[in-house]
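Side chains are part of it too, since the values below use all heavy atoms of this structure and drop only hydrogens, waters and symmetry mates.
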Amino acid sequence: MNRRTKLVAAVAGALVVALVGGFLVYRGFIHQETYKITARFAATPGLYSGNTVDVLGVQKGTVESLTPKPHYVEVVLTLPTDVKVPADAKAVLMAPNPVSDRFVELTPPYTGGPTMADGAVIDLTDTVVPLELDSIYASLDNLSTALGPEGANAHGELSGLLHSLAGLANGNGKYLHQVIDRVAAALPALTAHPEDLANLVRGLDQLTGRLASHDDAINTLYGDLASATGQLADERATISAAISNLQRALAEVVTFLRRNRGHIGSSVHNLDTTIAAVLAEQHALIQTFDTAPLGFQNFNRAIDPNAPCLSADGAPNNCAALWGRIDTTSGASDLIKAYCGKVSDSLAPIILWNLGLANATATETACGAEVGLLQGRSGPPGAPQQPDLDLTHYLGSR
């Protein structure tokens, strides 16, 4: 290799080294790869293009542009590619002091997991704007006006309330401290169950919503209660007199019980004996109560108020007749026939007596009735056999 060739190679190598070094210097110090994130703020007071974007108070990027929209301000943030932001990060507009420029703080810092890519958007619900000093002053002014002499304290109510609170707190600092300390001790228990607390708040919200939806009915109830209390107030003298009379009556009852406790004790003892007897016969009483209505009904049906009969002079007349069922033993009719004779023999005197032609004896009357009733009756099914009382039967058997 000649001298010229070596010179060309050396120049080419130096050129390559210079190009590589320049590229590295450009990448490291002049140009740096970035990506953009868009944040939507409700307002951006004191924020301008070129303001910083910080993470944990350390500058990591810049504000590239601000674009007003109908309901928010769209802020484009530029960050180096080596700065990672969590996918659920929030953007906070920070104010170091009331008169300085603002900067955007991205929180929380990245510790792992998904990250925001180029073109990601932090929505309006995930951005925070601090209160302006003018807004704070305006709120304080509104509060002082509402509590002032033209507001809640127009008639001295607020002053009276503060005076009452001061009197209540006077000398009770120890107890107030205990209350606050116990409330502070109870707060961890509430925060340990946020879901239960949230459910409680939602339940209260639903309850207040239901009450609000029935406001008319509640107002009517309040009106009725007011009317009722007014009526009670109007009748307080009568109610007082009634209560006084009741007290006197109770006093008299107590006096009566004290004077007659011996008799009352005997009565209670006798009543206990009676109740015991009733309880002992409760089965029979139950049967009586079950069958008595049927018995009275049958007795009522057994009476015929329109039954035909004859008066004492033989003229037709109506009189009540009692109908009954007679269950005799088997063979009873034969016994009656044997004693009274034929049916015609028994009924003939009764017929003649009703016609006024003869007098019937009691035996003839009884025999006529029994023979007529038992004529052709052999007794109910399964009835016991009537014993044979015929003397000829006994004489013949000997």
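To the nearest 0.5 Å, atoms CG (Asp118) and CD1 (Ile37) are separated by 8.5 Å. In this structure, the separation between CZ on Arg259 and CG on Leu257 is 11.5 Å, given to the nearest 0.5 Å. Interatomic distance, Leu225 CG to Ile218 CD1, rounded to the nearest 0.5 Å: 11.5 Å. Once rounded to the nearest 0.5 Å, the distance linking CG of Asn199 with CG of Leu204 reads 11.0 Å. Here the CZ atom belonging to Arg182 is positioned 12.5 Å from the CD1 atom belonging to Ile180, to the nearest 0.5 angstrom.
Note: the hydrophobic cluster containing Phe103 does not contain Val85 (ILVMFWY, side chain heavy atoms under 4.5 Å, direct or indirect links). Both Met116 and Leu77 are assigned to one and the same hydrophobic cluster, defined by single-linkage of ILVMFWY side chains at heavy-atom distances under 4.5 Å. One hydrophobic cluster, built from ILVMFWY side chains closer than 4.5 Å, holds both Tyr222 and Leu207. Val83 and Val92 fall into different hydrophobic clusters, defined by Ile, Leu, Val, Met, Phe, Trp and Tyr side-chain heavy atoms under 4.5 Å apart, directly or through other members. Transitive grouping of hydrophobic side chains (ILVMFWY, heavy atoms separated by less than 4.5 Å) brings Val75 and Tyr35 into a common cluster.
Side-chain heavy-atom separations under 4.5 angstrom define the hydrophobic clusters, and Tyr48 shares its cluster with no other residue.
Between Ile239 and Arg236, the closest side-chain pair of non-hydrogen atoms is not below 4.5 Å. Proximity of Val121 to Arg40: side-chain heavy atoms (C-beta onward) are separated by under 4.5 Å at one or more points. Taking 4.5 Å as the limit, some side-chain heavy atom of Leu106 sits within range of a side-chain heavy atom of Ile122. Residues Gln297 and Pro293 are not in side-chain contact: their nearest non-hydrogen atoms beyond the backbone lie 4.5 Å or more apart.
Across Met94 and Glu105, no two heavy atoms sit closer than the pair CG-CB, 3.5 Å. The shortest heavy-atom contact between Leu93 and Val129 is CD2-CG1, 4.2 Å. Between Ala42 and Leu124, the shortest heavy-atom distance links the atoms N-CD1, 3.4 Å. Scanning all heavy atoms of the two residues, the minimum distance from Phe41 to Ala39 falls at CE1-CB, 3.6 Å. Shortest non-hydrogen contact noted between Asn51 and Arg102 is ND2-O, 2.6 Å.
Remark: side-chain polar atoms of Asp181 are not paired, donor with acceptor, to backbone N or O of His177 under 3.5 angstrom. Judged by distance alone, the side chain of Ser240 and the main-chain N or O of Ala237 form no donor-acceptor pair under 3.5 Å. Judged by distance alone, the side chain of Asn170 and the main-chain N or O of Ala166 form no donor-acceptor pair under 3.5 Å. Looking only at distances, no side-chain donor or acceptor of Asp205 sits under 3.5 Å from a matching main-chain atom of Val201.
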When the side chains of residues 57-74 are checked against the rest of the protein, which donor-acceptor pairs come out under 3.5 Å, sequence neighbours left out?
unit_1: Glu64; atom_1: OE1; unit_2: Lys36; atom_2: NZ; d: 3.4
unit_1: Glu64; atom_1: OE1; unit_2: Thr78; atom_2: OG1; d: 2.7
unit_1: Glu64; atom_1: OE2; unit_2: Lys36; atom_2: NZ; d: 2.9

Donor-acceptor contacts under 3.5 Å from residues 273-290 side chains, at least two apart:
unit_1: Thr273; atom_1: OG1; unit_2: His269; atom_2: O; d: 3.1
unit_1: Thr274; atom_1: OG1; unit_2: Asn270; atom_2: O; d: 2.9
unit_1: His283; atom_1: NE2; unit_2: Gln287; atom_2: NE2; d: 3.1
unit_1: Thr288; atom_1: OG1; unit_2: Ala284; atom_2: O; d: 2.9

